Amino acid sequence: QVQLVESGGGLVHAGGSLRLSCAASGVTLNNYAIGWFRQAPGKEREGLSCISTSGTSIYYADSVKGRFTTSRDKAANTVHLQMDSTRPEDTAIYYCARINTCAGGVATMIARSLWWGQGTQVTVSS
């Protein structure tokens, strides 16, 4: 069972930035579409972004479009989620996962997910 590892979470003031990373050992993330999710207390897990294997197709949820950016660092076998203009409502545990395909959009990609990480906590203070 492959497990992904998220890092980079922490505490940030509203309007600030964080960069999350998703890595894996023993598997090349460049070969798979990768999705980012978050789950706030008492809420369902929400799909945020999906990046294709080539990195040329990237999809975002409306809630983060224009504020968050997903990218690949192929040399480092890592996928990043750059979080800018953060808001208190962005507070959640953030996860990455392998996605079978980004086609179909981010709202339904949880059904196409494999290989979850353990998550990293992001807290945005007001």
Side-chain angles (χ1 to χ4, degrees):
Q1 178 72 22
V2 175
Q3 185 162 12
L4 306 184
V5 179
E6 302 91 344
S7 61
L11 175 64
V12 63
H13 292 297
S17 298
L18 279 176
R19 189 175 81 154
L20 307 184
S21 298
C22 175
S25 58
V27 63
T28 301
L29 292 186
N30 300 334
N31 293 337
Y32 305 104
I34 299 296
W36 282 98
F37 300 79
R38 68 185 178 191
Q39 188 165 19
K43 295 190 176 181
E44 293 187 352
R45 194 164 295 190
E46 174 190 12
L48 303 178
S49 71
C50 189
I51 185 167
S52 65
T53 52
S54 66
T56 57
S57 296
I58 307 175
Y59 305 85
Y60 295 99
D62 288 343
S63 58
V64 302
K65 193 176 297 181
R67 301 188 299 122
F68 292 7
T69 304
T70 294
S71 62
R72 288 187 182 274
D73 182 340
K74 293 191 173 184
N77 195 33
T78 301
V79 176
H80 298 292
L81 182 69
Q82 177 68 39
M83 303 172 60
D84 298 318
S85 302
T86 54
R87 304 167 180 170
E89 55 264 39
D90 293 325
T91 295
I93 300 175
Y94 284 70
Y95 301 88
C96 62
R98 172 194 166 186
I99 306 299
N100 284 340
T101 176
C102 292
V106 298
T108 59
M109 68 178 179
I110 193 169
R112 309 189 300 275
S113 62
L114 298 164
W115 302 354
W116 288 86
Q118 81 291 345
T120 185
Q121 176 71 47
V122 171
T123 302
V124 182
S125 62
S126 56

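All figures in this text were calculated on a predicted structure; none of them were measured in a lab.
- In terms of heavy atoms, Leu81 sits closest to Ser49 at CD1-OG, 4.0 Å.
- Under the rule for a side chain to side chain donor-acceptor pair (under 3.5 Å), the partners of Ser52 that lie at least two apart in sequence or sit in another chain are Ser54.
- Cluster membership for Trp115 and Leu20, using ILVMFWY side-chain heavy atoms within less than 4.5 angstrom, is shared.
- To the nearest 0.5 angstrom, Phe68 atom CZ is 7.0 Å from Leu48 atom CG.
- Arg87 approaches Ser63 most closely through the heavy-atom pair NH1-O, 4.3 Å.
- In this structure a side-chain-to-backbone donor-acceptor pair under 3.5 Å is missing from Ser17 to Asp84.
- Here the closest non-hydrogen pair linking Gln121 and Thr123 is NE2-OG1, 3.4 Å.
- Within a 6.0 Å sphere centred on CD of Glu44, other residues, nucleotides and ligands contribute 12 heavy atoms or fewer.
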Enumerate, atom names and distances included, each donor-acceptor pair closer than 3.5 Å involving a side-chain atom of residues 95-109, sequence neighbours excluded.
unit_1 : atom_1 : unit_2 : atom_2 : d
Thr101 : OG1    : Ala103 : N      : 3.1
Thr108 : OG1    : Gly104 : O      : 3.3
Thr108 : OG1    : Arg112 : NH1    : 2.9

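- A continuous path of ILVMFWY side-chain contacts below 4.5 Å connects Met83 to Ile58, so both sit in one hydrophobic cluster.
- The salt bridge (charged side-chain N to carboxylate O under 4.0 Å, His left out) search around Arg19 returns none, not counting sequence neighbours.
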Check: residues 32-41 side-chain donor-acceptor pairs under 3.5 Å, at least two apart:
unit_1 : atom_1 : unit_2 : atom_2 : d
Arg38  : NE     : Glu46  : OE1    : 2.9
Arg38  : NH1    : Asp90  : OD1    : 2.8
Arg38  : NH1    : Tyr94  : OH     : 3.0
Arg38  : NH2    : Glu46  : OE1    : 3.4
Gln39  : OE1    : Arg45  : NE     : 3.2
Gln39  : OE1    : Arg45  : NH2    : 3.2
Gln39  : NE2    : Lys43  : O      : 3.1

Can you list, pair by pair, the side-chain donor-acceptor contacts under 3.5 Å of residues 21-31, counting residues two or more places apart and other chains?
unit_1 : atom_1 : unit_2 : atom_2 : d
Ser21  : OG     : His80  : ND1    : 3.0
Asn30  : ND2    : Lys74  : O      : 3.2

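- In this structure, Leu18 is a member of the same hydrophobic cluster as Ile51, with clusters built from ILVMFWY side-chain heavy atoms closer than 4.5 Å.
- Within the structure, the side chain to side chain donor-acceptor pair (under 3.5 Å) test picks out the following pairs touching residues 3-15 (sequence neighbours left out): His13-Ser125.
- Side-chain atoms of Ile93 and Thr120, non-hydrogen and from C-beta on, never get closer than 4.5 Å to each other.
- Under the 4.5 Å side-chain contact rule for hydrophobic residues, Val5 and Val2 do not share a cluster.
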